[in-house]
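Proteins come first, then strands; the chains are lettered A, B, ... in the order of their sequence lines, and each starts at number 1. Not measured: the values here are computed from a predicted model.
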Amino acid sequence: MSLDELNEAQRAAVQSRDGAHLVVAGAGTGKTRTLVHRVAWLIEQGVAPGQIVLLTFTRRAAEEMLDRVAAQVGPEARAVRGGTFHAFALGALRRFADTLGWTPSFTVMDREDAEDMVGLVRSELGYAEGKQKFARKGTVLDVLSRSVNTHKTIQEVLSDQYPQYGAFADAFEAIGRRYAERKQAHGVMDYDDLLVLLATLLRDHPEARRKLSSEARHVLVDEFQDTNRLQAEIAVLLSSAHGNLMVVGDEAQSIYGFRGASVRNILDFPKLFPDIQITKLEENYRSTQPVLDLANAVLDSAREGFHKRLRAVRGEGPLPRIVDVIDEHDQADAVVKRILALRAAGVPVSKQAVLFRSAYHSFLLETRLVEEEIAFKKFGGMRFGEAAHIKDALALVRLVANPRDAMAWFRVLGWFEGLGEKTAQKIGDAITNADDPVLDAAQFKGRKYHAALLDLANQLDSWAPLVMEPVSCVEAVIAWYRERMPSIYDDAKRRLKDLDALPLVAERHQSIESFLSTVAIDPIEDAKPDRPEGDDDILTLSTIHSSKGLEWEAVHLLQLADGGFPSAWSLDDDSAMEEEIRLLYVAVTRARRELWLTRPHFVRTRGPTGVGPGCSLLEPIEHLDDLVEFLRHDPEAGADSAASEDLFRRLRSFLDL
DNA sequence: TTATCCGGCGTTTTT
DNA sequence: CGCCGGATAA
């Protein structure tokens, strides 16, 4: 392995001595490369790969890093334990569930299941009734989750976020308690439980803490600015036996405040460790100077932070462009034409990306891309594994693995005509609590759904022996489920082929349990690429959140208008607007060379506040015409023509309407 | 208890 | 607008 390709600061981080180390790494400064080299270096120094824990923000990031380490030091690097906090927590909790009074075979619920359970508890406790409006189930879960992730009381969360329910703190608390009891009784955890319970384990159980932290002789955490209090606590406790904790991050790129992430974690980190080493990476290898000039200007418009300057190693390039368009249609037109023009100029579509604030911002563009036969893959927004029919199939698999999974029964029983919520819950609870957890269809003789239940019971019996064969099991389940789909969904045909992805995922697992754990935490990749046969020049569409850590030669940024980006829900909130600025910073710094920002005059506003034309994020830089070039899109003339009389004529007539 | 209808409220970003 | 949930009818 060669350290020659590293600069001085990077080398200092890579070869750092034991102890705590904070690496402040601006966008594009070789953060990933530094982490990769650090892991490789540790292995070279004789640290066993299995004693290195690399906590990353996404599974994608973990895989990429391990691939690169493996390329440097060989396949033994695969033994490095890596993944998200949630995935790591899952593994640790499986081993120590007993210690915490949980069954080791617990399962993990996704957001929707968790909401449903909260909904059931809510109606049981009678908060659904009464003339006073009460929060809906999703809101209740959100409040509970925020309270956990930010270490705030329910009352504080309500006052901050949902003042309209400020008087109902007792109700939220009561639901929260009953919800927690039920989760433990059913052996299911939600996402928050994974973190809470791991933190509890490490904090309150010295034996477990000693064991876990001595297994992990070096703990490395990526994207530390996006951790919340619980995650920071876990990282610190996990390294308590040896103190070898390296965290890497950039406070300017903190964009997960909505889920409890706190920049304070990274800013206050040095206070925790008197002997801490701090390294700053400031040379940017990714972007041209004009891109960075804009990024710096964006950051200057933020109230707080270090206002650091990024320096380009790459040198000059074209100015970023702000393109004024009339509306979303005009925007889609402009972006498509620009993508094609760049392709003609030698930038393949695969080296371009379209980024946006919210997943739905790209809907219109997606239809245009299909028309133009530009292949694309979209990241962010609704996940494949969240589609109702995928969850249906997985619920069946869960029943094979664990017939006491009450939420899975609830879901499956809901498919049958004449069988509603009450009955489904009753049957589910009965089975869950029975000595022998099987579906006794016979007792429903005479009911409309008797035959269907009988069929289900038989199928489950026939699948039971397949527990050890994930692929056969999943295939068998899917085959049966396919037959039922038309009676569940009007658009069953469209959904059918999605199911093919499941056996492919199952192939990678030795047991059903491992398969199910993985799909609960890691998003399932869609098996069908959104592209015509044989074409691998694929455009990336991504939310800004999902674009983190990635880069493209050309970046197109959509919907720069109040109510679009920045989001309508941030406009009247200073700290939320700060996060929007950091989001813009992240988006801008994804570009290596070409950066195009489209600013529609009219957006469909769906927000609570009145939204006018213009984009407050761009206001601070609007007058800086040495930083950006301003263009107007003219649909008839092409993407980058100067403003035409015709355009203004149409604008005026639009306004009059 | 279930299916259906209708009114009103919230609408983002992810594990 | 979509979807949640309350109200009503079968």
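Side-chain nitrogen and oxygen atoms of A:Ser570 include none within less than 4.0 Å of the OP1 or OP2 phosphate oxygen of B:dT12. In this model, the phosphate group of B:dT13 is not approached by any side-chain N or O of A:Ser567 to a distance below 4.0 Å at OP1 or OP2. The side chain of A:Arg122 contributes an N or O atom lying less than 4.0 Å from OP1 or OP2 of C:dG5. Listed pair A:Thr423 / B:dT2 meets the phosphate criterion, a side-chain N or O lying under 4.0 Å from OP1 or OP2. OP1 or OP2 of B:dG10 lies within a sub-4.0 Å distance of a side-chain N or O belonging to A:Tyr165.
Under a cut-off of 6.0 angstrom, the local environment of CZ in A:Arg182 is crowded, with over 12 non-hydrogen atoms contributed by other residues, nucleotides or ligands. By the neighbour-count criterion of 12 heavy atoms within 6.0 Å, atom NZ of A:Lys391 is densely surrounded, having more than that number from other residues, nucleotides or ligands.
The ring of A:His545 has its center closer than 6.0 angstrom to the ring center of A:Tyr256.
One interatomic measurement links the two molecules: CZ of A:Phe444 to P of B:dT2, which rounds to 11 Å at whole-angstrom precision. In this structure, A:Asp142 atom CG and B:dT14 atom P are separated by 15 Å, rounded to whole Å. As rounded to whole Å, 10 Å separates atom P of B:dT14 from atom NZ of A:Lys378. Atom C1' of nucleotide B:dT14 and atom CZ of A:Arg357 are separated by 12 Å, given to the nearest angstrom. Atom CG in A:Leu195 sits roughly 12 Å away from atom C1' in B:dT14 (whole-Å rounding). A:Glu112 places its CD atom 16 Å from the C1' atom of B:dT14, with the value rounded to the nearest Å.
Nearest to the side chain of A:Trp569, among B:dT11, C:dG5, B:dT13, sits B:dT11. Listed candidates were B:dT13, B:dT1, B:dG10. Nearest to the side chain of A:Lys422 is B:dT1. Here B:dT13 is the nucleotide among C:dC4, B:dT13, B:dT14 with the atom lying nearest to any side-chain atom of A:Ala359.
In this structure, the salt bridge (Lys or Arg N to Asp or Glu O under 4.0 Å) partners of A:Asp67, at least two apart in sequence or on a different chain, are A:Arg78. Every residue two or more places apart in sequence or in another chain was checked for a ring-ring contact (aromatic ring centres under 6.0 Å, His included) with A:Phe565, and none qualifies.
In this structure, A:Tyr256 does not count as stacked on the base of B:dT14 under the 5.5 Å centre distance and 30° plane angle limits.
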